[in-house]
Amino acid sequence: MDRMRCVVEHITYRNEENGYTVLKVRAKGFPELVSAVGNLAETHAGAVLTLEGNWKVDSRYGKQFIIEKYEETLPATAYGMEKYLGSGLIKGIGPKYAQRIVREFGDNTLTIIEESPEELIRVPGLGKARVNRIIKSWAEQKEIKNVMLFLQEHDVSTSHAAKIYRTYGSGSIQAVTENPYRLADDIWGIGFRTADTIAMKMGFGKERYARLRAGLLYALNRLADEGHCYATRDQLTGKGKELLEADEGLLSMTLDEMIRAKDVITEGTDMVYLPPFYFAETGTAARLQAVWRCSDGVRITPDEERIRFQTGMTYDETQMDAIIRAGREKVLVLTGGPGTGKTTTTLGIITALRDAGAEILLAAPTGRAAKRLSEATGMEAKTIHRLLEFKPQEGYGRNPENPLQGDVLIVDECSMIDILLMYNLMKAVPDRMKVILIGDVDQLPSVGAGNVLRDIISSGQFPTVRLTRIFRQAQESRIIMNAHRINEGGMPEISNKPGSDFFFVPEEDPEKAAELIVQLVKERLPGYYRTGNIQVLTPMQRGAVGAANLNQMLQEALNPGGEGLRRGGTVFRTRDKIMQIRNNYDKEVFNGDIGVVTGIDTEERELTAEFDGRTVRYDISELDEVVLAYATTIHKAQGSEYPIVVMPVMMTHYIMLQRNLVYTGITRARKALVMIGSRKALAIAVRNVTVESRNTLLAERLKGSILQEQSGADAPEGADANGRL
């Protein structure tokens, strides 16, 4: 093998899952930067590496050094030290301060930082606070490096080292050694497979109970991520067998022990729940029934003429029926598609109830949905989390002991609410409060587990009003009319008439479609509509017209160059549009929230973003919680509206082509929608009415066909707000 000592200039690409990295390095004897490729522990610009491997000429990328083995050493030259310290590795030192430090201490720089860091105060501009930050960061980096080296010995990517250290601190190695499966439970972003790889390298037996238990819990969590509240026993052991390569009989015995230990809860002989989902489902059913049965609270018969006079609006028979029933009933569901008057009807309901002196609370699942509800009603609307006074570490401030205060709760965009959030909401609703749930049941179900709105409607236990008439003003919108055509199984009108707000651009080739999308977003649509507020929605993450590739292309076109922070293969820059992809209760940003990067600090290795007027900071190790959001999946766009939407529908999306997916995507557009793709793919989606079935028993529990046991209990301690154990 060849041997090469080099300094890392920059990282071209990194896969966080397996550590596969493409580096540009500067090496003695090579006038140009050298491309080096291999699986490395997390490295950084300025690192000094000794590489062993072989040269290869790639047909696409040219000459590359393929790394087989490597070793990182501290830099010995002034240039190397300056590059090393200025890389952002140590908080408080950027390129400017790195240059000053090396100028002050020369070859002794690293010795000073290691042994006499208080001497750094001699460097011009380095105050006491910054010196203390440097000392702390240097110590942390040493600890993280130890964790990296430990994991590297077990052939595992160490991109998660910073998170492991932040979770366990100086006890990181001990925690991992005692039970590596803890990583999957304790740290978001480290799944069972990573923990299992570590365990196998450490000599954990394949049939060890801790492994089988962790694998089955992982399988249940994965099913929850797919929307299921429970798994059938065969479904769970089948997935466990595939994942663990273990005997089905042994898995069945493991499951029996987990049931005995109450790690999981069963319903009947076949349904297996993670405890948080069981308690959420039984608890939601019990609370809805309790509110429905309670005779206390506001019950009125609205005066139809007075409502029309006060609102200045005309209501059809179905809308007025909804307003009257909202006055009389304790629980009401209002559903309907775009243009059917849900907002107008909601205003009528609010007018009638306020006229009777009722105190009304308004809520929605997301900040954007709450803002729209507030604008439509002229009243304050809060996110459900804010309404429930959620605080990280403390949980929900509104609960059975401290319930919501008011007479009526109106919740919009209920198709987005998963079973865990619904349970926490209903726990805070007193029996006497009236509950009105509003949403479009034909949209995609919630990202989280359950199918709450559909289950409540299908149970038949509560009054439901479905608005179907499309009003005259809405009929002028091709977006709304096409959405209803698709929902009824018909092909949309795609003739591209002048003055239309719905356009179809035929393009069969995914690569050409991707280029066309970039051209539309960068030039044609902003020029015509005089706005840059354009959102690309796509059915999938992968492929040429998937969200991942489109984001890279759109970033390069709309926000190229400039200083940034790199995480994996993505560089985040100021002005980038980003999306949060997990619920982070500490930062109060949630899955699907979209923000804009407002600042990059390469010295502190931090990114600052603004979400709905709130400033949120991310350390570089937390950037796996966000993705670029120039393009996003339709699933992630639920509850959002955008002035202009560009949406590819291609045959490469075949497995995702469903009627409710395309319907949801179209109804996100307010001013204009441009669909790009294949008429055949669109026709397949329109014909495919298959709604992916979710394992949920909420409808049955509401009907009383399943006895409610333990329904008053809370989820056990140890479960987080996402239901994970």
Side-chain angles (χ1 to χ4, degrees), residues 8-16 21-24 42-47 82-101 125-127 129-130 133-134 136-138 140-141 144 159 161-163 166 189 522 532 547-548 550-582 584 586-589 593-632:
V8 178
E9 283 290 326
H10 62 263
I11 298 167
T12 306
Y13 172 79
R14 179 171 174 78
N15 184 317
E16 298 297 336
T21 308
V22 179
L23 304 168
K24 288 292 186 182
E42 192 164 306
T43 190
H44 53 89
E82 190 176 311
K83 188 80 177 171
Y84 181 77
L85 294 175
S87 66
L89 175 72
I90 303 158
K91 287 193 173 186
I93 303 180
K96 180 176 69 175
Y97 285 111
Q99 188 180 53
R100 292 181 186 178
I101 291 169
L126 277 188
R130 187 179 293 272
R133 207 154 68 241
I134 292 169
K136 182 182 177 184
S137 183
W138 183 263
E140 285 180 354
Q141 284 301 320
I144 293 170
S159 60
K163 287 189 172 186
R166 194 162 61 241
K522 183 180 180 181
L550 288 173
N551 270 317
Q552 295 292 336
M553 293 177 68
L554 288 164
Q555 182 194 43
E556 193 58 37
L558 301 173
N559 194 23
E563 200 170 48
L565 284 181
R566 180 178 291 275
R567 178 74 181 181
T570 303
V571 177
F572 296 96
R573 304 183 182 116
T574 303
R575 296 187 301 280
D576 273 337
K577 187 192 291 188
I578 60 172
M579 174 183 281
Q580 178 79 12
I581 59 171
R582 68 168 289 232
N584 188 319
D586 293 318
K587 297 183 187 299
E588 295 185 61
V589 284
D593 284 354
I594 287 182
V596 175
V597 178
T598 54
I600 296 289
D601 190 329
T602 54
E603 289 186 4
E604 295 295 322
R605 294 190 299 157
E606 288 182 346
L607 176 152
T608 306
E610 187 174 293
F611 291 86
D612 288 325
R614 290 182 56 255
T615 298
V616 180
R617 290 187 181 277
Y618 294 88
D619 181 78
I620 194 169
S621 63
E622 298 173 311
L623 291 184
D624 56 352
E625 294 186 15
V626 295
V627 294
L628 293 175
Y630 297 100
T632 184

Trainee: Rounded to the nearest 0.5 Å, what separates atom NZ in K522 from atom CG in L554?
Mentor: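 Those atoms lie 10.5 Å apart.
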Trainee: Could you tell me the separation between the CZ atom of R617 and the CD atom of E606, rounded to the nearest 0.5 Å?
Mentor: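 With rounding to 0.5 Å, CZ (R617) is 5.5 Å from CD (E606).
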Trainee: Can you name the nearest heavy-atom pair linking F572 to V627, along with the distance?
Mentor: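 In this case the closest contact between F572 and V627 is CE2-C, 4.2 Å.
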Trainee: Could you give me the CA-CA distance, side-chain angles and deciding distance for I101 and E82, then say whether side-chain contact (heavy atoms from CB on, under 4.5 Å) is met?
Mentor: CA-CA 8 Å; I101 291 169; E82 190 176 311; over 6 Å; no
Trainee: Measure the spacing between CG of D601 and CD1 of I620 and express it to the nearest 0.5 Å.
Mentor: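 If we round to the nearest 0.5 Å, D601:CG and I620:CD1 are 11.0 Å apart.
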Trainee: Would you find a donor on one side and an acceptor on the other, under 3.5 Å apart, between the side chain of R100 and the backbone of L126?
Mentor: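 Judged by distance alone, no pair lies under 3.5 Å.
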Trainee: Answer yes or no: is there a donor N or O on one side and an acceptor on the other, between the side chain of R573 and the main chain of V597, under 3.5 Å?
Mentor: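 The answer is no, because no donor-acceptor pair under 3.5 Å joins these two groups.
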Trainee: Any idea which heavy atoms bring I578 and A609 closest together, and the distance?
Mentor: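 Minimum heavy-atom contact is CD1-CB, 3.7 Å.
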Trainee: To the nearest 0.5 Å, what is the distance between OH on Y630 and CG on N559?
Mentor: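 Between Y630 OH and N559 CG, I get 4.0 Å after rounding to 0.5 Å.
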Trainee: Who passes side-chain contact (heavy atoms from CB on, under 4.5 Å) against V596, sequence neighbours left out?
Mentor: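 Partners of V596 by the side-chain contact (heavy atoms from CB on, under 4.5 Å) criterion come out as none, since no residue qualifies.
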Trainee: Enter the distance from L607:CG to T598:OG1 here, rounded to the nearest 0.5 Å.
Mentor: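 Nearest 0.5 Å value for the CG-OG1 distance: 7.5 Å.
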Trainee: Tell me, please, which residues at least two apart from T574 pass side-chain contact (heavy atoms from CB on, under 4.5 Å).
Mentor: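 Partners of T574 by the side-chain contact (heavy atoms from CB on, under 4.5 Å) criterion, ordered by chain and then number, come out as I600.
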Trainee: Salt bridge (charged side-chain N to carboxylate O under 4.0 Å, His left out) with R575: which residues, sequence neighbours excluded?
Mentor: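 Scan of R575 (salt bridge (charged side-chain N to carboxylate O under 4.0 Å, His left out), adjacent residues dropped) gives none.
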Trainee: Which heavy atom of Y618 sits nearest a heavy atom of V589, and at what distance?
Mentor: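 Nearest heavy atoms, Y618 then V589: OH-CG2, 3.7 Å.
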Trainee: So, the side chain of Q555 versus the backbone of V571: is there a donor-acceptor pair under 3.5 Å, distance only?
Mentor: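 A pair under 3.5 Å: yes.
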Trainee: Kindly say whether D619 contributes a backbone atom to a donor-acceptor pair with the side chain of E622 at under 3.5 angstrom?
Mentor: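 Yes: the side chain of E622 pairs with the backbone of D619.
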Trainee: Can you tell me how far CZ of R133 sits from CZ of R130, rounded to the nearest 0.5 angstrom?
Mentor: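 Taking CZ in R130 and CZ in R133, the distance rounds to 5.0 Å.
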